[in-house]
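Read the numbers this way: they start at 1 and go in the same order the structure lists the ligands and their atoms. Along the sequence shown, residues are numbered consecutively beginning with 1.
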Amino acid sequence: MLTKKESISQVIVTAAQMREIEGRIFAAGMPVPALMEKVAGLIASRIQDFSSNFEQGRQREQVRILPPFPCVGILVGPGHNGGDALVVARELHFRGYAVWVYLPFDKLKELTSQHLQYAQSIGIPCYGEIEQLPDCDVLVDGLFGFGLERTITDPIASVINQLNEWNKPIISIDLPSGLHTDTGEVLGTAIRATYTLCLGLWKQGLLQDQALDYVGKAELIDFDIPWADVQAVLEDVPKVKRITPATALSTLPLPRPPVTHKYKEGHLLLICGSRRYAGGAILTALGARGSGVGMLSIAVPESLKQLLVSHLPEALVIGCPETESGAIAQLQLPEKTELSSFSAIACGPGLTKDATSIVEEVLASDRPLVLDADGLNILAQLGTIPTLQQRPAVTVLTPHTGEFQRLFPDVADAKHDRVKAVQEAATQSGAVVLLKGARTAIANPQGSVWINPESTPALARGGSGDVLTGLLGGLLAQVANKEIPVEDIVATAAWWHGQAGILAASERTELGVDAFTLSQYLLKVIVGRS
Ligand SMILES: NC(=O)C1=CN([C@@H]2O[C@H](COP(=O)(O)OP(=O)(O)OC[C@H]3O[C@@H](n4cnc5c(N)ncnc54)[C@H](OP(=O)(O)O)[C@@H]3O)[C@@H](O)[C@H]2O)[C@@H](O)CC1
Ligand SMILES: Nc1ncnc2c1ncn2[C@@H]1O[C@H](COP(=O)(O)OP(=O)(O)O)[C@@H](O)[C@H]1O
Ligand SMILES: [K+]
């Protein structure tokens, strides 16, 4: 059972949903100015943390950017994001900071205008021209929040560009001004934040790949939104959620029952590799090993059998007849073994496109199936995505953006709105779809989405996807008979994979996480945590 705090930290909303949730809070009697006061008070305290902890040595990593009592420049927009910023300015002023306000707008919302009047009355300098601005240590960005709907044009666009060029740390309130709240698209131009303090609930745009260059380090400022209001608004819509450690760890097949045997702990069949791509088969198998799966069988071309045995002595390696090009020509399973003997099948890494008949064969099986890499390219060529709906077991597709576009050419651009794209692909295909990226997104056919909120560019490296395929196949095999939604298992694999990358990068730098090393870090992620 998740605590309320954990549940809140999973929720992802669009601007329209956030507005509806806030509308309910106001309708229930919470005054708008009181909520702004509460939220901005929390922001001011967090900013104070960033500098005061510098002396106390707490949260060192977060505060390295700010000296004690930095001079703070506050950027104020016309709406309530600007209102928040003015309350922050007032609070920091009273707490002893040197503060100035920059307000490049004439027309303000009523509440924002009142806060401006008061800020001026207590002597906070307010400027309207960028040329007038004094130096400062940090900028607080309250230009636009979730109310931004139109493209930013000059003169504000050029103001934002100039402020970015100052190269100061910038703390954005709610989201970096200029980003679309839902898609993360840059609307003309946007503030490049060092930190984003997202208010109340995670905004979807902050978890879209195209926003990440602007978001910096993001954290949630929880201002006690009643859970009942969140539920009421999100009740009938497909949920978009962040994968958190609590949910991922609770999906792991741990602890094992005391009385069990290897086949009860899942039997995974991997079908991978070719003479040309031998390494992909090894990496996939190492990913599967990392999952703890009870029994691992690996079908590879005959000429790769010895190589696989030498790397994975515990696996049953099945050498298959090969095509002239060195791809698997035919699945030759051991006697009395059928595809239906396995708990799950993962197929694709390193196959080449010459293994078409193999992909057809696994698609015709009644087993949970993960298709990746050439498995996906072959599926796209076969044009049989519509038949996935009729498979008696789940199909999981794990494309990167290129593979995604080949598989789903009529789904709107996967670069523009990855959440919508992955939802459409899953609904269209009846498969669970994992769209790889910096913020990997996973959707089920009903449109529910998980997003992995943490990863590392260290994973942008050949072979790391193979490790994920093996890990995912191994997890699926272990929990195939349990009542866990498949998308939760896929999300757990994505989280585990990302965390292994983060851990490896923290010890070895982002250049030190080759795919083999990544596979060796899988175990370290869960030791002591589950
Ligand atoms: N609801 C609450 O009380 C709470 C809300 N909170 C805070 O409020 C924020 C949302 O506030 P918001 O709705 O006022 O919108 P916001 O993001 O400040 O900007 C909209 C303004 O910008 C203007 N504008 C738009 N596009 C433009 C463009 N391209 N170029 C120029 N102008 C443009 C637009 O003007 P208009 O469209 O009317 O011309 C409008 O005036 C939210 O992110 C959070 O920080 C928290 O305090 C918690 C309580
Ligand atoms: N910039 C990034 N940040 C975080 N994760 C990334 C990034 N780039 C790639 N990844 C992850 O690395 C993996 C790459 O997989 P893939 O493209 O299939 O590689 P390969 O086919 O070489 O194994 C995916 O899990 C993806 O989510
Ligand atoms: K902002």
Output yes when [X] and [Y] qualify as a salt bridge under the 4.0 Å nitrogen-oxygen rule, no when they do not.
X	Y	result
R46	E219	yes
K38	D224	yes
R95	E91	yes
D174	K203	yes
K241	E487	no
K436	D372	yes

How long is the span from the CG atom in L468 to the CG atom in L434, to the nearest 0.5 Å?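 Atom-to-atom, L468:CG and L434:CG are 6.0 Å apart.
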Under a 4.0 Å heavy-atom limit, does T456 contact ligand 2 with its side chain, its backbone, both, or neither?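 Only the backbone of T456 comes within reach of ligand 2.
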Select one of side chain, backbone, both or neither to describe which atoms of L459 lie under 4.0 Å from any atom of ligand 2, heavy atoms only.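 L459 to ligand 2: contacts from backbone and side chain alike.
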So that I can check it, does any N, O or S atom in [X] come closer than 3.4 Å to the K ion (ligand 3)?
X	result
D174	no
I173	yes
S172	no
P176	no
L175	yes

Is it the case that [X] and [Y] place a side-chain donor and acceptor less than 3.5 Å from each other?
X	Y	value
D374	T352	no
D466	T284	no
R439	Q208	no
D514	T517	yes
Q499	E454	yes
D488	T251	no

Any idea which atoms of ligand 1 are less than 4.0 Å away from a heavy-atom of [X]?
X	result
T151	29 (N)
F26	1 (N), 2 (C), 3 (O)
V32	3 (O)

To the nearest 0.1 Å, how far is [atom] from its closest protein heavy atom, and which atom is that?
atom	value
atom 20 (P) of ligand 2	G463 N, 3.5 Å
atom 43 (O) of ligand 1	D174 OD2, 2.7 Å
atom 14 (C) of ligand 2	S464 OG, 3.5 Å
atom 5 (N) of ligand 2	S455 OG, 3.2 Å
atom 9 (C) of ligand 2	A460 CA, 3.8 Å

Considering [options], which one's heavy-atom position lies nearest to [atom]?
atom	options	answer
atom 22 (O) of ligand 1	G79, S177, P78	P78
atom 46 (C) of ligand 1	I221, N81, L143, D84	D84
atom 11 (O) of ligand 1	K203, K109, H80	H80
atom 49 (C) of ligand 1	E22, R150, E149, E37	E22
atom 18 (O) of ligand 2	R461, E510, K436	K436

I want to know whether F105 and F144 have ring centres closer than 6.0 Å.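 Yes - the distance between ring centres of F105 and F144 falls below the 6.0 Å cut-off.
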Under 4.0 Å, counting heavy atoms only: does R19 come that close to any atom of ligand 1?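 R19 counts as a contact of ligand 1 under the 4.0 Å cut-off.
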Does L199 come within less than 4.0 Å of ligand 1, judged by its heavy atoms?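 Contact present.
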Any heavy atom of G462 sitting closer than 4.0 Å to ligand 2?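 The answer is yes, since G462 has a heavy atom less than 4.0 Å from ligand 2.
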Does an N or O from G437, backbone or side chain, lie closer than 3.5 Å to an N or O of ligand 2?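 Between G437 and ligand 2, an N or O pair is found under 3.5 Å apart.
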